[in-house]
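Below: one structure, written as structure tokens.
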Amino acid sequence: MEARMNYANVNPEAVKAMLGLEQFIQNSGLDRKLYEWIKLRASQINGCSYCVDMHAKDLLKMGESMEKITLLTVWHEVPHFSEEERAVLELTEHATKLSEAGIPRAVYDRVRTHFGEKQFIDLIMAINTINAWNRIGVSTGLYPGCFN
């Protein structure tokens with residue numbers, strides 16, 4: 001298996017733009033572990049193996065258990081996630097699969113139970129950012145270890 005290209009070498013300005021989005025999220029005050037859950041769930045939905053591998057490893061480094069990481073795909077069915085995490089995961093799924101149902105009012109209301117208006121936009125920006133990274137990764141054929 002071979003990646004189609006190293007996008008960072010081909011277009012450093014595109015990477016710079018994406019890193020600007022990452023910097024925005026890092027400075028937003030969004031909990032770093034919650035951001036990793038967003039990144040992992042969106043990456044699973046989008047089928048970006050490179051990002052799934054990276055963000056699962058990042059969560060492990062942050063102290064999350066392998067059990068919880070493994071159960072993310074079935075988060076609806078297990079008690080391992082807090083109500084706040086559940087609200088964010090549900091928002092992540094709806095925003096990632098936006099064309100299917102949009103963001104239902106009930107999802108918005110659940111998220112707003114835990115987050116203010118500014119934080120809601122921060123969450124949407126975080127979801128947008130990982131979705132953009134996933135589209136770069138999948139389009140250029142990235143997979144775990146492809147740059148080693």
Side-chain angles (χ1 to χ4, degrees), residues 1-76 80-82 84-104 107-108 110-112 114-148:
M1 184 170 251
E2 196 172 310
R4 293 176 181 157
M5 72 177 77
N6 183 329
Y7 68 90
N9 291 341
V10 172
N11 195 334
E13 289 301 311
V15 174
K16 185 177 177 182
M18 288 301 301
L19 292 175
L21 287 171
E22 282 294 335
Q23 192 63 47
F24 171 82
I25 304 304
Q26 296 301 322
N27 294 332
S28 72
L30 181 64
D31 179 79
R32 302 231 189 265
K33 197 178 282 189
L34 195 57
Y35 186 31
E36 287 302 320
W37 286 118
I38 290 168
K39 291 192 265 189
L40 182 54
R41 186 64 190 123
S43 298
Q44 289 172 335
I45 292 166
N46 289 322
C48 185
S49 64
Y50 183 85
C51 292
V52 167
D53 180 66
M54 178 189 338
H55 300 301
K57 288 175 180 173
D58 288 345
L59 280 163
L60 281 171
K61 288 176 194 169
M62 296 172 105
E64 284 296 348
S65 70
M66 179 57 81
E67 179 180 36
K68 188 172 178 179
I69 292 167
T70 303
L71 292 172
L72 180 59
T73 59
V74 291
W75 67 267
H76 298 270
H80 295 63
F81 297 89
S82 70
E84 181 180 85
E85 289 168 335
R86 290 176 177 285
V88 169
L89 291 170
E90 188 175 25
L91 179 64
T92 300
E93 290 181 357
H94 280 278
T96 298
K97 301 185 279 185
L98 196 59
S99 66
E100 292 179 17
I103 308 293
V107 173
Y108 172 80
R110 272 190 288 283
V111 173
R112 288 300 313 283
H114 303 281
F115 300 94
E117 288 180 337
K118 180 200 175 293
Q119 292 171 312
F120 181 85
I121 298 302
D122 291 340
L123 289 168
I124 294 299
M125 290 300 294
I127 296 164
N128 288 342
T129 302
I130 188 55
N131 274 283
W133 281 120
N134 291 162
R135 281 149 180 77
I136 291 168
V138 171
S139 298
T140 60
L142 301 187
Y143 58 90
C146 66
F147 295 123
N148 296 341

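Numbers here are sequence positions counted from 1. For clarity, every value in this text was computed on a predicted model and none was experimentally measured.
- In this structure, the side chain of Arg110 does not engage the main chain of Leu91 through any donor-acceptor pair within 3.5 Å.
- Among residues two or more places apart in sequence or in another chain, the side chain to side chain contact (heavy atoms under 4.5 Å, CB included) test is passed with His114 by Glu83, Glu84, Ala87.
- Taking SG of Cys51 as the start and CG of Leu142 as the end, the distance is 7.5 Å to the nearest 0.5 Å.
- Gly137 approaches Cys48 most closely through the heavy-atom pair CA-SG, 4.2 Å.
- Atoms CG and OH, on Leu59 and Tyr35 in that order, are 12.5 Å from each other to the nearest 0.5 Å.
- Applying the ring-ring contact (aromatic ring centres under 6.0 Å, His included) rule to pairs touching residues 10-34 yields nothing, sequence neighbours excluded.
- Residues forming a side chain to side chain contact (heavy atoms under 4.5 Å, CB included) with Val15 (at least two apart in sequence, or on another chain): Tyr7, Ala8, Leu19.
- For Ile121, the side chain to side chain contact (heavy atoms under 4.5 Å, CB included) partners are Met125, not counting sequence neighbours.
- In terms of the side chain to side chain contact (heavy atoms under 4.5 Å, CB included) criterion, residue partners of Glu100 (sequence neighbours excluded) are, by chain and number, Lys97.
- Among pairs with a residue in residues 134-145, those fulfilling side chain to side chain donor-acceptor pair (under 3.5 Å) read Ser43-Asn134, Asn46-Asn134, Asn131-Arg135, at least two apart in sequence or across chains.
- Closest non-hydrogen pair, Ile103 versus Tyr108, comes out as CG2-N, 4.3 Å.
- Applying the salt bridge (charged side-chain N to carboxylate O under 4.0 Å, His left out) test to Glu64 and every residue at least two apart in sequence or in another chain returns Lys33, Lys68.
- Applying the ring-ring contact (aromatic ring centres under 6.0 Å, His included) rule to Trp37 yields the partners Phe81; only residues at least two apart in sequence or on another chain are considered.
- A heavy-atom distance below 4.5 Å is found between the side chains of Phe147 and Tyr50.
- Of the residues Ile38, Ile127, Asp31, Leu30, the one that meets the side-chain contact (heavy atoms from CB on, under 4.5 Å) test with Val88 is Ile38.
- Between Asp122 atom CG and Glu117 atom CD the span is 12.0 Å, to the nearest 0.5 Å.
- Going from atom CG of Asn128 over to atom CD1 of Ile130 covers 11.0 Å, rounded to the nearest 0.5 Å.
- Sorted by first and then second residue, the salt bridge (Lys or Arg N to Asp or Glu O under 4.0 Å) pairs with a member in residues 38-49 read Glu36-Lys39, Arg41-Glu93; sequence neighbours excluded.
- A salt bridge (Lys or Arg N to Asp or Glu O under 4.0 Å) check over residues 1-26, counting only residues at least two apart or in different chains, returns nothing.
- Around CE of Met66, the count of heavy atoms belonging to other residues, nucleotides or ligands within 6.0 Å does not exceed 12.
- For the atom pair Gln23 CD and Thr129 OG1, the distance stands at 11.5 Å (nearest 0.5 Å).
- Contact between Ala56 and Ile69 at its shortest, heavy atoms only, is O-CD1, 3.6 Å.
- The salt bridge (Lys or Arg N to Asp or Glu O under 4.0 Å) pairs that include a residue from residues 136-148 number zero, where partners must be two or more places apart or lie in different chains.
- In plain terms, the two heavy atoms of Leu60 and Ser65 that are nearest each other are CD2-C, 4.3 Å.
- Asp53 pairs by the side chain to side chain donor-acceptor pair (under 3.5 Å) definition with Lys57, not counting sequence neighbours.
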